[in-house]
Q: 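Dropping the structure in here first, questions after.
FYI, side chains are in, hydrogens and waters are out, and symmetry mates aren't considered; it's all heavy atoms of this structure.
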Amino acid sequence: SGVLSVFSDTPIAPYLDAPRFGLSEKNMGFLALFSVPVVWGTYVPVVRVLYESDPPVPGVLFSAAYFAVASLSTLALLIVFPNLD
């Protein structure tokens, strides 16, 4: 059961119960904590480069790309940590 049970009949099913990259749960937690400042620290430079480009990226396109990255990241976390009830 759980959120990922909808994937039980899909090609990714064998990977759902695979070991988590050979890392302990504690080390996975440290990796997650480390990722937060990396993500926040790279956001402003990326946005600056996108809006200073010629021609600038339309706001709608940037928002759609931002939403897609956030959605794919959340799906990846659900796959890596399937038992976050």
Side-chain angles (χ1 to χ4, degrees):
S1 74
V3 175
L4 296 177
S5 62
V6 296
F7 296 110
S8 62
D9 295 331
T10 65
I12 66 167
Y15 301 102
L16 297 179
D17 292 324
R20 306 293 173 229
F21 312 110
L23 296 173
S24 69
E25 188 172 328
K26 181 179 177 181
N27 288 339
M28 287 295 287
F30 283 130
L31 185 62
L33 287 174
F34 177 73
S35 70
V36 172
V38 170
V39 169
W40 278 99
T42 57
Y43 179 78
V44 172
V46 168
V47 171
R48 184 176 298 135
V49 167
L50 286 175
Y51 283 123
E52 289 177 352
S53 64
D54 189 30
V57 175
V60 172
L61 181 61
F62 176 73
S63 294
Y66 183 86
F67 181 77
V69 168
S71 298
L72 292 173
S73 300
T74 303
L75 181 60
L77 285 174
L78 285 173
I79 291 171
V80 172
F81 301 105
N83 298 323
L84 293 178
D85 295 335

Q: For atom OH of Y51, is the number of surrounding heavy atoms from other residues, nucleotides or ligands below 6.0 Å larger than 12?
A: yes
Q: For the atom pair OG (S35) and CZ (F30), what is the distance rounded to the nearest 0.5 Å?
A: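 The CZ atom of F30 is 13.5 Å from OG of S35, to the nearest 0.5 Å.
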Q: Hey, any chance W40 and V69 share a hydrophobic cluster, counting ILVMFWY side chains that come within less than 4.5 Å of each other, even indirectly?
A: no
Q: If hydrophobic clusters are built from ILVMFWY residues whose side chains come within less than 4.5 Å, do V46 and V39 share one?
A: no
Q: Where does the angle between the aromatic ring planes of F62 and Y43 fall among parallel (under 30°), tilted (30 to 60°) and perpendicular (over 60°)?
A: tilted
Q: If two hydrophobic side chains count as joined below 4.5 Å and joins carry through other members, does L61 share a cluster with L50?
A: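 Yes: a chain of side-chain contacts under 4.5 Å links L61 to L50.
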